[in-house]
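The structure appears below as structure tokens.
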Amino acid sequence: MGSPDSHPTFPNMDSRALYVVADHRQGTAAGAGSPQGHNLHYMQVHKSQPGSPSSCSLLEGQVEERCLEQIQSLVVGEVLRDVDTACKMLNISQEPLSWGWLQVQKWLLWIEHMYHLPRVSALFQGLSGRDLCSMSEAQFRQHSAQFGDMLYAHLDIWRSAVAMKAPCAPVDDKPAVESSSADIAGSFPNQPIHLWQFLRDLLLRPHNYSRCIRWLNKEKGIFKIEDSAHVARLWGMRKNRPAMNYDKLSRSIRQYYKKGIIRKPEVSRRLVYQFVNPV
DNA sequence: GAATAGGAGACCT
DNA sequence: AGGTCTCCTATTC
């Protein structure tokens with residue numbers, strides 16, 4: 001610790017700029033008015049060049065450098081958490097180079113869902129992860145003039161975060177408080193996941209999913225599905241069932257009534273369910 | 001009209 | 001065999 005060299009860097013990125021993908025998943029009121037309907041934002045944090053005219057004192061430069069490194073660490077942690085979540089939900093590997101065309105399509109569908117994009121996955125059909133990784137930003141734009149640059153940046157950040165994770169010590173040094181099933185699912189990427197686990201994983205990540213499913217009373221395990229179609233689509237993506245809908249998903253939930261895993265709360269309300277054994 | 005409830009058969013691991 | 005998925009009818013909100 002302490003040595004500036006020990007801080008992570010973005011190997012795949014332009015050394016002068018740290019691109020931060022900041023989505024406004026909470027509080028989208030402002031973004032709702034954007035003509036494209038997406039709310040992905042890029043922010044460039046420029047490091048001042050050594051000896052550049054704008055550089056002030058050495059101390060100021062060091063403080064700025066340290067600030068940037070701290071921001072970078074925070075961003076990497078955040079990106080890694082998002083990568084982890086996406087991989088669990090989609091049942092794909094973290095390494096885009098290993099993706100087949102199906103995994104690429106899943107990833108693109110994911111980005112569509114997360115950022116409310118129109119269908120972009122159809123524009124990248126038949127491409128493997130390796131194809132995607134070898135494409136330039138211009139090539140991304142050839143596939144999608146509107147969102148190519150965003151997708152390129154997204155993949156770049158994803159790969160950079162994953163690349164930095166590999167040689168370093170585990171990022172997640174927190175005790176596993178609320179991630180038992182999520183970690184189990186993530187540790188065995190090809191292991192089938194139960195619907196109740198999937199729902200709980202979504203509920204445990206309110207930052208990402210509170211708009212489609214959220215706790216009404218976490219202690220009692222009562223939750224509400226806010227966007228039934230969205231939750232069903234996510235479940236369908238996870239299980240490779242493109243025809244999944246809320247009708248079928250809810251039927252599967254109802255199978256849990258007999259098994260004592262999920263039930264309707266005492267006061268039954270539409271789209272509200274309760275885990276029999278709360279987290 | 002959408003959600004709820006549950007039967008029944010198919011499918012997959 | 002267990003855990004859905006799919007399709008279905010009937011009922012409730």
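Within every chain, numbering begins at 1; the chains are lettered A, B, ... in the order of the sequence lines, protein sequences first and strands thereafter. Here the structure is a predicted model, which is why all the values come from computation and not from measurement.
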Query raised in the report: Does the side chain of A:Ser252 get closer than 4.0 angstrom to OP1 or OP2 of C:dT4 through an N or O atom?
Result: no

Query raised in the report: What is the distance from NZ of A:Lys258 to C1' of C:dG2, rounded to the nearest Å?
Result: 12 Å

**Report entry** Centroid-centroid distance, A:Tyr115 to A:His154, less than 6.0 Å
**Finding:** yes

Query raised in the report: So what does A:Arg241 touch, heavy atoms closer than 4.0 Å: a base, only the sugar-phosphate, or nothing?
Result: sugar-phosphate

Report task. Using a cut-off of strictly less than 4.0 Å, decide whether A:Tyr257 has a side-chain nitrogen or oxygen near OP1 or OP2 of B:dA5. Result -> yes

Report task. Please work out if A:Phe198 contacts a base, only the sugar-phosphate, or nothing of the nucleic acid, heavy-atom cut-off 4.0 Å. Result -> nothing

Query raised in the report: Quick one: is C:dC13 close enough that its OP1 or OP2 comes under 4.0 Å of any side-chain N or O from A:Ser268?
Result: no

Query raised in the report: A:Leu271 CG to C:dC13 C1': how many Å, rounded?
Result: 11 Å

Query raised in the report: Over how many whole Å does the gap from A:Arg270 atom CZ to C:dC13 atom C1' extend?
Result: 4 Å

Query raised in the report: Does OP1 or OP2 of C:dC5 have a side-chain N or O of A:Lys248 closer than 4.0 Å?
Result: no

Query - Pairing of A:Glu226 and A:Arg211 as salt bridge, 4.0 angstrom limit - result: no

Query - Atom-to-atom span, CD1 of A:Ile253 to P of C:dT4 - whole angstrom - result: 11 Å

Query - Salt-bridge present (A:Arg205, A:Asp201; N to O < 4.0 Å) - result: no

Query - Value rounded to 0.5 Å, distance of SG in A:Cys87 from CH2 in A:Trp158 - result: 4.0 Å

Report task. Calculate the interatomic distance between A:Tyr246 atom OH and C:dC7 atom P; express it in whole Å. Result -> 18 Å

Query raised in the report: Checking only heavy atoms, does the side chain of A:Arg251 share a donor-acceptor pair with the base of B:dG7 at less than 3.5 Å?
Result: yes

Report task. Using a cut-off of strictly less than 4.0 Å, decide whether A:Tyr256 has a side-chain nitrogen or oxygen near OP1 or OP2 of C:dG3. Result -> no

Query raised in the report: With sugar-phosphate meaning primed atoms plus P, OP1 and OP2, does A:Ser250 contact a base, only sugar-phosphate, or nothing at under 4.0 Å between heavy atoms?
Result: nothing

Requested in this report: Starting from P on B:dT13, measure out to CD1 on A:Ile193 and report it in whole angstrom.
Outcome: 17 Å

Report summary line: Rounded to whole Å, the CG-P distance (A:Leu249 to C:dG3) equals 17 Å

Query raised in the report: Counting only side-chain N and O atoms of A:Lys239, is one of them less than 4.0 Å from OP1 or OP2 of C:dC5?
Result: yes

Requested in this report: Return no unless some side-chain N or O of A:Tyr273 is found under 4.0 Å from OP1 or OP2 of B:dT4.
Outcome: yes

**Report entry** Euclidean distance, atom NE2 of residue A:His194 to atom C1' of B:dC12 [Å, nearest integer]
**Finding:** 14 Å

Report summary line: Heavy-atom nearest nucleotide on DNA chain B taken for A:Lys264 and for A:Gln255; more 5' hit belongs to A:Lys264

Query - Aromatic contact, A:Phe275 with A:Trp196 (centres under 6.0 Å) - result: no

**Report entry** Closest-nucleotide ordering on DNA chain C, the 5'-leading residue of A:Asn245 and A:Lys259
**Finding:** A:Lys259

Query raised in the report: Between A:Phe140 and A:Phe124, is the ring centre distance below 6.0 Å?
Result: yes

Query - A:Trp235 vs C:dC5: side-chain N/O to OP1/OP2 distance below 4.0 Å - result: yes

